[in-house]
Amino acid sequence: MGGMKKFFMWIREQRERVWFSAAVNLLLLTILLLLFGPSFETNDDAGISNMISGVKGGYDAHLIYSNYLLGVILETLYRNIPLLPWYVLLQYALLFVSFTVITAVLIRRMKQTLPIWAAGILIVFFSYEGYIRVQYTKTAAILTVAGILMMFYGLTREKLRKTWIISGILLACTGSLYRFQQFGAECALMTGIGVSFLFWLGKQEKGKKLCRLGACVISFGVLVAVSFGLYRWDRSLYQAEEWQEYMEYNDARTELYDYGFPPYAEYKDKYKELGFNQNAFQLLMQWNHMDTEKFTTEAMQEIAQWKTPRQFSLDTLKQFFKEFPRTFLDIPSFYCFLLVLLYWIFWGCHRRENMAVLLYEAAAAGMIYLFLFYMGRYLMNRVDSGIWLAVSLVVLWQFPSEKCRLENRAAGFLLLAFICLFQNTWSDHWRVNTEKEAEKRLDEKMVLEEISSDTEHLYLAPVGNVSLTDSYGLWERAPYGILENLYSLGGWTAKSPLFMKTLEKFGISNPFRDMIGNDDVYLITTDQTKILKYIRRYYKQDAKAVKVRKLGKYTVYQIR
């Protein structure tokens with residue numbers, strides 16, 4: 001017992017040191033990787049990785065949704081140390097720094113054991129979200145809130161901590177490189193701590209008040225100026241003709257795939273006027289949009305115009321309040337926030353300033369969700385996670401250093417157990433449940449490597465057939481050029497300049513038309529029915545799919 005007492009006393013003495021927070025997060029990361037099998041939450045990260053990792057036989061630092069500077073960093077790493085999966089490693093390194101920062105700041109603010117348990121729940125939950133369900137939008141959010149938290153910590157110490165402030169600016173700006181729009185949303189939500197800062201500032205002496213207010217204005221001015229400057233610089237790098245064409249096409253594609261197609265049944269005549277029968281519409285809906293003659297930018301823009309324009313009105317507000325706040329119950333990270341809020345309700349301080357801050361934060365979160373609802377893009381875990389992390393940190397900031405309520409340590413253990421045992425979104429990623437996925441990847445990898453070795457042929461794959469994501473795990477570095485002769489018939493990367501080089505190499509301008517009677521081009525799929533039906537309708541009435549061979553679960557065809 002004496003040894004344990006000394007151990008806990010040692011922890012209390014050391015816990016405010018940065019190395020202690022790093023050690024705690026290293027232990028947590030190790031446990032998470034032992035228990036869970038990490039993967040990309042969406043295929044967006046795989047697409048970005050394919051742009052920069054050399055799998056297409058070249059590198060392109062234009063990452064479309066992430067900043068060009070990030071692309072340059074990743075390209076440099078891949079070129080000079082090609083054996084490592086740098087896209088994932090860099091995210092992990094930055095996430096680890098961010099969670100270490102969050103841990104260190106919260107421990108230093110919370111002298112009691114109880115609110116530290118609340119912080120522990122927060123860090124465990126969002127570490128799982130960051131490390132195990134990897135997604136670059138989520139990474140952007142975590143980096144941003146960690147950086148801003150670091151800045152406010154440096155601004156509110158007895159002695160101004162310039163190192164913390166500068167480091168916080170750098171970390172938050174790095175978050176903006178991953179996803180600028182998410183960076184903006186997190187900045188808006190973290191203004192809740194800014195309101196707390198103003199209340200704190202009001203209690204300081206006049207000289208200190210002016211000094212800290214000036215430091216705050218300068219610090220966040222630099223953050224906004226640098227991040228916005230990097231964003232504008234990034235956008236300026238897409239002025240070349242090939243990129244302008246792609247960006248216009250991608251905007252039209254995004255409007256349909258992200259915000260919905262007009263239903264075929266309601267707009268049947270209009271679709272037919274554009275030359276789309278129901279089979280063509282189904283192919284389009286399944287992301288196979290690379291018929292460069294039919295699924296053009298102009299065609300997609302016209303289809304988008306059929307939709308009722310978004311208008312903000314009283315009906316919008318009514319529909320929003322009809323869905324929210326009930327819809328919050330469908331968001332896993334919202335439950336983590338509820339646990340943190342319960343801590344504050346039962347054991348935190350309820351001064352007027354605390355109440356004002358939380359009311360402000362509720363309004364800020366409500367406005368964010370109202371905007372997402374208006375845009376028709378809500379209930380996406382990669383966005384929701386960042387929102388509720390920021391809101392939860394604002395709540396935890398309301399725990400003062402002094403003791404305001406009687407501690408009950410058992411509550412910390414119980415609520416931590418609750419979130420670990422009953423968070424049903426975790427079940428799919430337990431390692432015991434991901435073993436079969438690893439076996440499937442081996443089969444897919446064999447197919448992909450066989451395709452790559454056949455350099456004389458171009459393989460065209462409908463979306464959902466033969467992909468790098470299905471073949472290589474998160475920690476595997478796919479070989480350089482392995483996708484050089486494989487082309488997907490859709491996806492947001494398909495028409496990008498780097499990917500179009502695959503078609504140019506084989507003299508293809510329209511994959512759907514040019515695969516017909518071409519001995520150099522194969523179609524690889526588990527089901528050729530819709531593709532063949534489409535080709536017969538629009539390009540060759542008597543076209544046939546001639547079986548060449550089997551590759552795993554796929555069949556390779558030549559279209560005659």
Side-chain angles (χ1 to χ4, degrees), residues 102-103 105-129 145 148-149 152-153 156 186 188-200 202-203 321 323-370 384-425:
I102 293 171
T103 304
V105 171
L106 293 180
I107 286 177
R108 289 171 182 225
R109 277 189 62 83
M110 299 173 179
K111 304 299 182 183
Q112 316 122 286
T113 303
L114 188 63
I116 287 179
W117 276 110
I121 287 176
L122 183 85
I123 292 163
V124 168
F125 179 87
F126 287 102
S127 291
Y128 168 84
E129 286 292 332
V145 298
I148 294 175
L149 192 72
F152 276 120
Y153 178 78
T156 53
E186 301 308 320
L189 290 166
M190 291 296 281
T191 56
I193 296 182
V195 175
S196 288
F197 173 77
L198 293 177
F199 280 118
W200 173 84
K203 300 174 184 177
F321 286 113
E323 289 205 36
F324 291 87
R326 178 189 56 81
T327 305
F328 289 146
L329 299 178
D330 297 326
I331 302 173
S333 51
F334 177 73
Y335 290 94
C336 184
F337 157 74
L338 282 182
L339 293 179
V340 172
L341 184 64
L342 283 173
Y343 265 102
W344 177 80
I345 290 172
F346 289 110
W347 294 291
C349 279
H350 307 135
R351 301 188 185 97
R352 289 182 180 179
E353 62 189 59
N354 303 121
M355 301 293 288
V357 169
L358 294 190
L359 286 173
Y360 169 87
E361 190 65 12
M367 291 299 291
I368 294 288
Y369 272 104
L370 178 59
D384 294 326
S385 294
I387 291 173
W388 293 109
L389 172 59
V391 176
S392 298
L393 286 172
V394 173
V395 174
L396 285 177
W397 195 266
Q398 307 313 304
F399 279 95
S401 295
E402 69 272 12
K403 183 182 288 188
C404 292
R405 290 285 189 276
L406 182 67
E407 289 189 11
N408 184 349
R409 296 181 186 180
F413 290 101
L414 290 172
L415 292 179
L416 185 60
F418 173 85
I419 201 168
C420 289
L421 295 174
F422 297 99
Q423 181 47 251
N424 56 15
T425 61

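Start at 1 with the first residue, then count along the sequence.
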Please report the closest heavy-atom contact between Ile121 and Tyr343, naming both atoms and the distance. CD1-CE1, 4.0 Å

Spacing of Met190 atom CE and Phe152 atom CZ [to the nearest 0.5 Å]: 7.0 Å

Under the side-chain contact (heavy atoms from CB on, under 4.5 Å) rule, what do Phe399 and Arg109 come out as? Steps first, then yes or no, please. CA-CA 8 Å; Phe399 279 95; Arg109 277 189 62 83; over 6 Å; no

Minimum-distance pair of heavy atoms, taken over all atoms of Val391 and Leu189: CG2-CD2, 4.2 Å

I'd like to check the side-chain contact (heavy atoms from CB on, under 4.5 Å) partners of Thr191; sequence neighbours left out, ordered by chain and number. Tyr360

Of all heavy-atom pairs between Val340 and Leu122, which one has the smallest distance, and what is that distance? CG2-CD1, 4.3 Å

Test Gln398 against Glu361 for side-chain contact (heavy atoms from CB on, under 4.5 Å), laying out the working first. CA-CA 12 Å; Gln398 307 313 304; Glu361 190 65 12; over 6 Å; no

Between Phe324 and Thr327, does a side-chain contact (heavy atoms from CB on, under 4.5 Å) hold up when you go through it step by step? CA-CA 5 Å; Phe324 291 87; Thr327 305; 4.0 Å; yes

Would you compute the distance between atom CG of Leu396 and atom CG of Leu341 and round it to the nearest 0.5 angstrom? 10.0 Å

State the CG-CG distance between Leu359 and Asn354, to the nearest 0.5 angstrom. 11.0 Å

Minimum heavy-atom separation for Val357 and Ser196, please, with both atom names. CG2-OG, 3.3 Å

Out of curiosity, Phe126 CZ to Ser392 OG, how far, rounded to the nearest 0.5 Å? 5.0 Å

Relative to the ring of Phe328, is the ring of Tyr369 parallel (under 30°), tilted (30 to 60°) or perpendicular (over 60°)? perpendicular

Identify the heavy atoms of Val145 and Glu186 that sit nearest to each other, and give their distance. CG1-OE1, 3.4 Å

Closest heavy-atom contact between Trp344 and His350? O-NE2, 2.9 Å

Aromatic ring pairing Phe337/Trp388, orientation class (parallel under 30°, perpendicular over 60°, tilted between): tilted

First locate atom CD1 of Ile368, then atom CG of Asp384, and finally report the distance between them rounded to the nearest 0.5 Å. 11.5 Å

Pairwise distance SG(Cys336) to CD1(Ile331) - rounded to 0.5 angstrom: 13.0 Å

